[in-house]
Amino acid sequence: MYKPQIYTQLTFEDFNQPVGLKMNPENRWIKKADRIPWGELEKDYAKNFRNKKGNVAKPLRMALGALLIQKEYGFSDEETVMQIQENPYLQYFIGLPGYQDEKPFDATSMVHFRKRLDETTLIEINEKIIAFNTQAEEDHPDDDSNSGTLILDATCAPQNIKYPTDTELLNDARTHAESIIDAICEENQLKKPRVYRKKARQVYLNVVRRKKKAKKWLRAQIRQLLNFVKRDIHVIQAFLEKGYILPENHQIWWETIQKIYEQQQYMYDHHTHSVANRIVSFHQPWLRPIVRGKAKAAVEFGVKFDMSMDNGIARLERTSFDAYNESEVLVGAIRRYYDRHGCYPERVLADKIYRNRQNRAYCKVRGIRLSGPALGRPKKNEHPDKTIEYQDNADRVAVERGFSLLKRRFGAGLIRTKLKNTTLSSIALSVISMNLSKLTADFLRTFFRYLFIIKNSCFLFRNSSVLENLAFVQ
């Protein structure tokens with residue numbers, strides 16, 4: 001249940017400051033709070049609660065503010081709540097009326113915050129924050145001229161999982177299958193069938209403890225592990241045929257166990273290490289290997305996403321757990337740019353993979369200059385402008401810098417959430433946090449520049465008045 005209320009923007013003067021402490025109004029969390037249209041977001045957030053029964057949900061400012069604080073510092077759920085409890089600036093940011101020495105909410109509420117603020121909602125919040133901090137653009141003239149620059153690139157946000165191996169996946173499938181068998185037998189007072197779990201564990205430990213594994217020897221161990229998993233699957237199938245029903249969590253395990261066995265058996269029979277939709281984590285079976293070809297890691301396991309940069313502001317264009325061709329994103333990103341500005345961009349800075357025939361033809365018809373050389377062999381009389389090419393490459397670094405900030409400062413370098421939807425929400429929160437920091441920094445930079453201009457103007461005015469007085473006296 002959500003309690004509707006007339007939301008009034010909490011100002012720094014309205015905040016009940018702790019006794020003996022004078023808070024600084026120039027603090028970054030106070031400035032960040034002023035960059036977010038809390039009232040508008042609160043109204044949209046209230047529409048998601050239709051049930052009038054149950055506990056009253058926390059307001060959006062508290063939920064979103066706590067998640068942004070966690071993204072900024074990389075705290076755990078428990079540590080985030082404790083830091084908010086001890087810091088009056090953070091309490092102001094999440095919308096408390098004054099400083100309080102108690103926890104504003106329990107650490108378990110952070111899980112509900114991440115579930116309620118899904119990826120779609122966070123993308124809409126990001127757009128509203130950007131619109132709130134940018135001036136309304138004038139109507140575009142009727143000459144249909146293009147303006148602006150759109151930068152586009154893709155990367156992967158790696159998930160916090162152990163490196164997947166065939167033996168580890170088979171052992172996870174075996175142990176969880178044995179847990180299902182034990183649960184069925186205990187619930188129905190049945191005698192546990194023999195599944196050779198001690199022998200299977202010994203085979204697994206022999207593989208783990210051996211430093212140098214010969215290919216032929218390792219193949220024999222994998223065959224044994226496959227047979228153990230196959231035996232467990234037959235036992236569970238026999239129970240299901242007799243009418244025994246699995247609970248919801250065991251049903252998810254059961255489907256994952258069968259899928260892992262099918263994939264591992266296929267790779268064993270065909271002497272290969274690749275298979276379609278390969279599972280790399282038992283508890284997160286939606287993760288896929290993303291081949292990036294980077295120097296640090298040729299393959300990453302996580303979410304692949306495209307991000308665009310427009311006037312220094314980042315936006316998510318596409319997120320997916322499966323690998324996809326990045327060139328499919330360019331047309332959609334340009335159309336969304338047109339919806340925002342009322343015109344097409346003058347140039348699009350993108351990597352080589354985006355410059356296929358379809359995308360180049362799409363940009364040519366609309367008068368958009370797609371960075372990079374033309375396809376095919378260069379013509380004899382054609383001499384490309386090196387200055388333009390160099391400038392495009394220099395400007396395209398902005399999106400690489402954005403990726404670096406997302407991964408180093410805002411938590412996209414290692415995603416620690418466990419659920420599928422909260423993983424996507426975590427990436428969207430990283431983008432919002434990065435944009436909010438940039439908007440706040442730009443505001444402070446403009447503010448201090450304005451003060452500097454006023455100070456210099458006053459100094460010149462005083463000096464000019466003194467000189468005029470001296471000239472009058474003379």
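Atom set for the values below is all heavy atoms of this structure, side chains included, hydrogens, waters and symmetry mates excluded.
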Apply side-chain hydrogen bond (donor to acceptor under 3.5 Å, both in side chains) to Glu119 and Ser425, showing your working.
-> CA-CA 5 Å; Glu119 181 192 18; Ser425 300; over 6 Å; no
Please check if atom CD in Glu248 has more than 12 non-hydrogen atoms from other residues, nucleotides or ligands closer than 6.0 Å.
-> no
Any side-chain heavy atom of Asp118 within less than 4.5 Å of one from Leu424?
-> no
Straight-line distance of Leu122 CG to Leu117 CG, nearest 0.5 Å | 5.5 Å
Check: Tyr89 ring centroid to Trp29 ring centroid under 6.0 Å | no
Just by distance, do the side chain of Thr422 and the backbone of Leu419 share a donor-acceptor pair under 3.5 Å?
-> yes
Lys32 versus Thr440, side-chain donor and acceptor atoms under 3.5 Å = no
Taking all non-hydrogen atoms of both residues, which atom of Thr80 and which atom of Ala66 are closest, and how far apart?
-> CG2-O, 3.8 Å
Residue pair Asn325, Tyr354: steps toward the side-chain hydrogen bond (donor to acceptor under 3.5 Å, both in side chains) verdict | CA-CA 9 Å; Asn325 194 313; Tyr354 294 90; over 6 Å; no
Short side-chain to backbone donor-acceptor contact, Asp351 and Ile353, under 3.5 Å | no
pair Asp106-Val81: side-chain heavy atoms closer than 4.5 Å | no
Walk me through it: do Arg292 and Glu326 pass the test salt bridge (Lys or Arg N to Asp or Glu O under 4.0 Å)?
-> CA-CA 12 Å; Arg292 299 295 298 161; Glu326 301 162 25; 3.2 Å; yes
Give a yes or no on whether Lys213 atom NZ has more than 12 heavy-atom contacts from other residues, nucleotides or ligands under 6.0 Å away.
-> yes
For the residue pair Leu67 and Met110, what are the closest heavy atoms and their distance?
-> CD2-CE, 3.9 Å
Check: Tyr337 main-chain N/O paired with His341 side-chain donor or acceptor under 3.5 Å = no
Heavy-atom distance under 4.5 Å between the side chains of Ile415 and Asn160, does that happen here?
-> no
Do you know the tightest heavy-atom contact between Arg197 and Arg174?
-> O-NH1, 3.7 Å
Stepwise salt bridge (Lys or Arg N to Asp or Glu O under 4.0 Å) check, Lys162 with Asp172 = CA-CA 12 Å; Lys162 60 183 178 181; Asp172 288 341; 3.8 Å; yes
Given the rule in the side-chain hydrogen bond (donor to acceptor under 3.5 Å, both in side chains) test, do Glu79 and Gln83 qualify, once you have shown the distances and angles that lead to the verdict?
-> CA-CA 6 Å; Glu79 185 64 23; Gln83 291 291 335; 2.8 Å; yes
Quick one: pull up NZ in Lys215 and CH2 in Trp217 and give me the separation to the nearest 0.5 Å.
-> 15.5 Å
Kindly say whether Lys58 contributes a backbone atom to a donor-acceptor pair with the side chain of Arg61 at under 3.5 angstrom?
-> no
Check for a donor-acceptor pair, side chain of Glu300 on one end and backbone N or O of Val291 on the other, with a separation under 3.5 Å.
-> no
Does some side-chain heavy atom of Met267 sit less than 4.5 Å from a side-chain heavy atom of Arg278?
-> yes
Should Arg318 and Glu328 count as side-chain neighbours, where that means a heavy-atom distance under 4.5 Å?
-> yes
Is a donor on one side and an acceptor on the other found under 3.5 Å between the side chain of Asn227 and the backbone of Arg223?
-> yes
Taking the six-membered ring of Phe132 (Phe, Tyr or Trp), confirm whether the NZ or CZ of Arg35 is under 6.0 Å from its centre and within 45° of its axis.
-> no
Does any N or O in the side chain of Gln91 come within less than 3.5 Å of the main-chain N or O of Gln100, such that one atom is a donor and the other an acceptor?
-> yes
Any donor-acceptor N/O pair, Asn359 side chain to Ser327 backbone, under 3.5 Å | yes
Side chain of Ser320, backbone of Asp322: donor and acceptor closer than 3.5 Å?
-> yes
Just wondering, do Ile129 and Leu439 contact through their side chains at under 4.5 Å, heavy atoms?
-> yes
Closest approach of Leu330 and Ala350, non-hydrogen atoms and distance?
-> CD1-CB, 4.4 Å
Centres of the Tyr92 and Tyr99 rings: under 6.0 Å?
-> no
Ignoring hydrogens and geometry, is there a side-chain-to-backbone donor-acceptor pair from Asp310 to Ile313 under 3.5 Å?
-> no
Quick one: are Leu169 and Gln264 in side-chain contact, heavy atoms under 4.5 Å?
-> yes
Just one of Ile84, Asp77, Leu429 clears the side-chain contact (heavy atoms from CB on, under 4.5 Å) bar with Gln70, so which one?
-> Asp77
Evaluate the side chain to side chain contact (heavy atoms under 4.5 Å, CB included) criterion for residues Arg114 and Thr417: first the C-alpha distance (whole Å), next the side-chain angles of each, then the deciding distance (0.1 Å), finally the verdict.
-> CA-CA 9 Å; Arg114 285 191 290 267; Thr417 51; 4.0 Å; yes
Quick one: does NZ or CZ of Arg366 land under 6.0 Å from the six-membered ring centre of Tyr362, within 45 degrees of the ring axis?
-> yes
Roughly how far, to the nearest 0.5 Å, is the OG1 atom of Thr149 from the CZ atom of Arg396?
-> 13.5 Å
Side chain to side chain, Leu225 and Asn171, heavy atoms closer than 4.5 Å | no
Full working for side chain to side chain contact (heavy atoms under 4.5 Å, CB included) between His273 and Asp166 = CA-CA 9 Å; His273 293 286; Asp166 295 339; 4.2 Å; yes
Arg288 to Val280 - nearest heavy-atom pair and separation | N-CG2, 4.4 Å
Out of curiosity, Arg336 CZ to Arg315 CZ, how far, rounded to the nearest 0.5 Å?
-> 10.5 Å
Test log, rule side chain to side chain contact (heavy atoms under 4.5 Å, CB included), inputs Ser433 and Arg409 | CA-CA 9 Å; Ser433 185; Arg409 283 198 53 197; over 6 Å; no
Ring-face cation of Arg219 near Tyr268 (centre distance under 6.0 Å, axis angle within 45°) | yes
Could you tell me whether Tyr204 and Phe228 have their ring centroids closer than 6.0 angstrom?
-> no
More than 12 heavy atoms from other groups under 6.0 Å of CZ on Arg201 = no
side-chain hydrogen bond (donor to acceptor under 3.5 Å, both in side chains) between Lys71 and Ser426: does it pass, once the steps are laid out?
-> CA-CA 8 Å; Lys71 274 296 174 184; Ser426 179; 2.6 Å; yes
Pair Trp253-His250, side chain to side chain contact (heavy atoms under 4.5 Å, CB included): steps then yes or no | CA-CA 5 Å; Trp253 288 4; His250 285 178; 3.6 Å; yes
CD/Gln263 to OG/Ser274 distance, rounded to the nearest 0.5 angstrom?
-> 11.0 Å
Minimal non-hydrogen separation, Ala412 against Pro158, with atom names = O-CD, 3.9 Å
One should read off an interatomic distance between Ile181 CD1 and Asp232 CG, to the nearest 0.5 angstrom, of 4.5 Å
